[in-house]
Enquirer: 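Input: one structure, supplied below.
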Amino acid sequence: MSTAARLPENPVVVITGGSSGVGLAVAQRLGRDGARLVLAARGEQALADAAERCRALGAEVVAQVADVGEAADMEALMQRAVEAFGRIDAWINAAGTSLWGSFDTIPAEHHERLIRTNLLGVVHGTYAALQHMRGRAGGGVVVNVASIAGCIPMPLAASYSASKFGVAGFTDALRDELSATGIAVCGVYPSFIDTPEHQRSANFTGRTVRPVPPVLDPERVARAVVELLHRPRRSVALGLHHAAAVPYAVAPDATGRAAARAAARFFLQQGERVPDSDGALFAPLPLRAAVRGGWGVAERRKAGGVGMAVLGAVALAAGAVSWLFSAGRRRHGRERERLGTRP
């Protein structure tokens, strides 16, 4: 991405999902460094809280209530940023939510809304950003915060996986399309993060939603996002769960069946019983701004070792499958050579 411009001093950065979790962590980190911020979220009170936190760090902040699922809201957000600061140097698509449960037990409109938020929200935000950045001398940087579920399918979160795989494909295609324009497009793929997301997720599992340990700190993800603004590159994968990509690549059917069994045990049979909930899927919840949500704290104490053991087993299985596959190819090659046939 050598053609992409570097951020100027005191850059103007738009952040969707800026009132909580990774979005707020990024805003606070940038605010301490002198960036001028434009924060967007659906919840008015949480957004106001987030803006005040960043102003307390010395940042200039504009806050605008907006829904990433609405293209007109993203167009208005872009216009507000340009009116306030004269330009946009970076746009971070950090807004998103999740939806848990068996696919066909969840109402169809919930799947549609999730994909509108997670995938079309990124499309709408990026489209608005490019209306300003394309043809501009300074170029710009777009960072799309996706998920490990955009690299590895996640059972009991089928439409969430679809939305994040969509973000991954959109990000990769657009990066190549814009490679000679001075606009960088980067993807971030974290595993489970300790954010307030568990308080906002739509949940049809019948149990409290628990992250699979180990769980990332949101500040670590924020640091990776900010580094991409200064040194853009294709993507960043965060979290030990990405080790599962190897067995998925080598033996996708066997690995997928094992993942489905583990997901059913972890999400449908453990945790406290709770009623089904739309969470914040259709409307914001009255929660205050927060970077962390204590998600996975109990699990880290009780099951952190289990999570590491599971990852170790996945890596071991991947190595074994890979070795067997390679050994089989070597034997096959030797047999062909013995018979005098071409490989």
Side-chain angles (χ1 to χ4, degrees), residues 16-17 21-23 42 67-71 74 93-127 142-177 185-193 195 197-198 200-205 209 211-212 221 234-239 241-242 244-245 247-249 252-253 255-264 266-268 276-282:
T16 68
V22 171
R42 292 180 302 163
D67 184 343
V68 297
E70 301 296 331
M74 294 298 95
N93 290 304
T97 189
S98 53
L99 173 60
W100 300 89
S102 301
F103 174 75
D104 57 334
T105 66
I106 301 171
E109 59 267 24
H110 289 60
H111 296 297
E112 181 178 353
R113 176 63 204 188
L114 180 90
I115 290 170
R116 172 168 290 277
T117 298
N118 286 4
L119 176 53
L120 290 183
V122 171
V123 171
H124 294 158
T126 304
Y127 187 88
V142 176
V143 177
N144 296 330
V145 180
S147 165
I148 189 174
C151 306
I152 303 169
M154 189 174 292
L156 298 178
S159 55
Y160 179 78
S161 292
S163 70
K164 296 302 184 178
F165 267 87
V167 170
F170 171 76
T171 301
D172 288 346
L174 191 62
R175 177 194 304 112
D176 294 341
E177 180 179 329
V185 183
C186 313
V188 180
Y189 300 90
S191 59
F192 292 88
I193 316 170
T195 70
E197 179 61 27
H198 69 293
R200 299 177 167 89
S201 294
N203 180 13
F204 288 80
T205 66
V209 178
V212 179
V221 183
R234 289 184 63 86
S235 61
V236 175
L238 301 168
H241 298 78
H242 282 277
Y248 261 111
D253 291 339
T255 306
R257 287 193 295 269
R261 290 193 296 270
F266 196 87
F267 295 115
L268 299 181
D276 292 344
S277 170
D278 293 345
L281 189 60
F282 295 100

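These numbers come from the heavy atoms of this one structure, side chains and all, not from hydrogens, waters or symmetry mates. Throughout, numbering of the chain's residues begins at 1 and tracks the sequence.
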Enquirer: Name all residues meeting the side chain to side chain donor-acceptor pair (under 3.5 Å) criterion together with Ser163; count only those two or more places apart in sequence or in a different chain, and write none if there are none.
Expert: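 In terms of side chain to side chain donor-acceptor pair (under 3.5 Å), with neighbours along the sequence ignored, Ser163 is linked to Asn118.
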
Enquirer: Only counting residues at least two apart or in another chain, list the ones meeting ring pair (Phe, Tyr, Trp, His ring centres under 6.0 Å) with Tyr189.
Expert: none

Enquirer: Show the nearest heavy-atom pair for residues Ile193 and Ser191, with the distance to one decimal.
Expert: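 Looks like CG1-O, 3.2 Å.
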
Enquirer: Measuring from Phe204:CZ to Ile106:CD1, what's the distance to the nearest 0.5 Å?
Expert: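 If I round to the nearest 0.5 Å, the distance is 6.0 Å.
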
Enquirer: Under the salt bridge (Lys or Arg N to Asp or Glu O under 4.0 Å) definition, can you give me all pairs with a residue in residues 146-161, not counting sequence neighbours?
Expert: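 Listed by first then second residue: nothing to list.
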
Enquirer: At their closest point, which heavy atom of Thr16 faces which heavy atom of Met74, and how far apart are they?
Expert: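 Heavy-atom minimum between the residues: CG2-SD, 4.1 Å.
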
Enquirer: Working note: Phe282 + Thr97, criterion side chain to side chain contact (heavy atoms under 4.5 Å, CB included); need CA distance, chi angles, decisive distance, verdict.
Expert: CA-CA 10 Å; Phe282 295 100; Thr97 189; over 6 Å; no

Enquirer: Which residue pairs pass the salt bridge (Lys or Arg N to Asp or Glu O under 4.0 Å) test when at least one of the two sits in residues 144-153, sequence neighbours left out?
Expert: none

Enquirer: List for me each residue that meets side chain to side chain contact (heavy atoms under 4.5 Å, CB included) alongside Val122, sequence neighbours excluded, and say none if there are none.
Expert: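 So Val122 forms a side chain to side chain contact (heavy atoms under 4.5 Å, CB included) with Asn93, Thr126, Asn144, Val167, Phe170.
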
Enquirer: Quick one: does Ser201's side chain have a donor or acceptor within less than 3.5 Å of a partner on Asn203's backbone?
Expert: no

Enquirer: Just jot down the side chain to side chain donor-acceptor pair (under 3.5 Å) partners of Arg116, sequence neighbours excluded, or say none.
Expert: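 Result, side chain to side chain donor-acceptor pair (under 3.5 Å) vs Arg116: none returned.
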
Enquirer: Taking Ser277 for the side chain and Gly279 for the main chain, is one N or O donor matched with an acceptor at less than 3.5 Å?
Expert: yes

Enquirer: I'd like to check the side chain to side chain donor-acceptor pair (under 3.5 Å) partners of Asp278; sequence neighbours left out, ordered by chain and number.
Expert: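 Residues passing side chain to side chain donor-acceptor pair (under 3.5 Å) with Asp278: His110.
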
Enquirer: So do Leu119 and Phe165 actually touch side chain to side chain, heavy atoms under 4.5 Å?
Expert: no

Enquirer: Holding to salt bridge (Lys or Arg N to Asp or Glu O under 4.0 Å), I want the full list of residues that pass it with Arg113, two or more places apart in sequence or in another chain.
Expert: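 Residues passing salt bridge (Lys or Arg N to Asp or Glu O under 4.0 Å) with Arg113: Asp67.
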
Enquirer: If I compare all heavy atoms of Val68 with all of Ala95, which pair ends up nearest, and what's the gap?
Expert: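 In this case the closest contact between Val68 and Ala95 is CG1-CB, 3.8 Å.
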
Enquirer: Sorted by first residue and then second, give each salt bridge (Lys or Arg N to Asp or Glu O under 4.0 Å) pair with at least one member in residues 158-174; sequence neighbours left out.
Expert: Asp172-Arg175, Asp172-Arg234

Enquirer: Between CH2 of Trp100 and CG of Leu114, what distance do you get to the nearest 0.5 Å?
Expert: 11.0 Å

Enquirer: Using modelled atom types only, decide if a donor and an acceptor are shared between the side chain of Thr171 and the backbone of Gly187 within a distance under 3.5 Å.
Expert: no

Enquirer: Kindly write out the residues that satisfy side chain to side chain donor-acceptor pair (under 3.5 Å) with Ser235, not counting sequence neighbours, or none if the list is empty.
Expert: none

Enquirer: With a 4.5 Å heavy-atom cut-off, do Tyr127 and Leu174 have their side chains touching?
Expert: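 No, too far: nothing below the 4.5 Å cut-off.
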
Enquirer: With sequence neighbours left out, what residues match Glu112 under side chain to side chain contact (heavy atoms under 4.5 Å, CB included)?
Expert: none

Enquirer: Side-chain donor-acceptor pairs under 3.5 Å in residues 148-160, sequence neighbours left out?
Expert:
residue : atom : partner : partner atom : Å
Ser159  : OG   : His111  : ND1          : 2.9
Tyr160  : OH   : Ser147  : OG           : 3.4

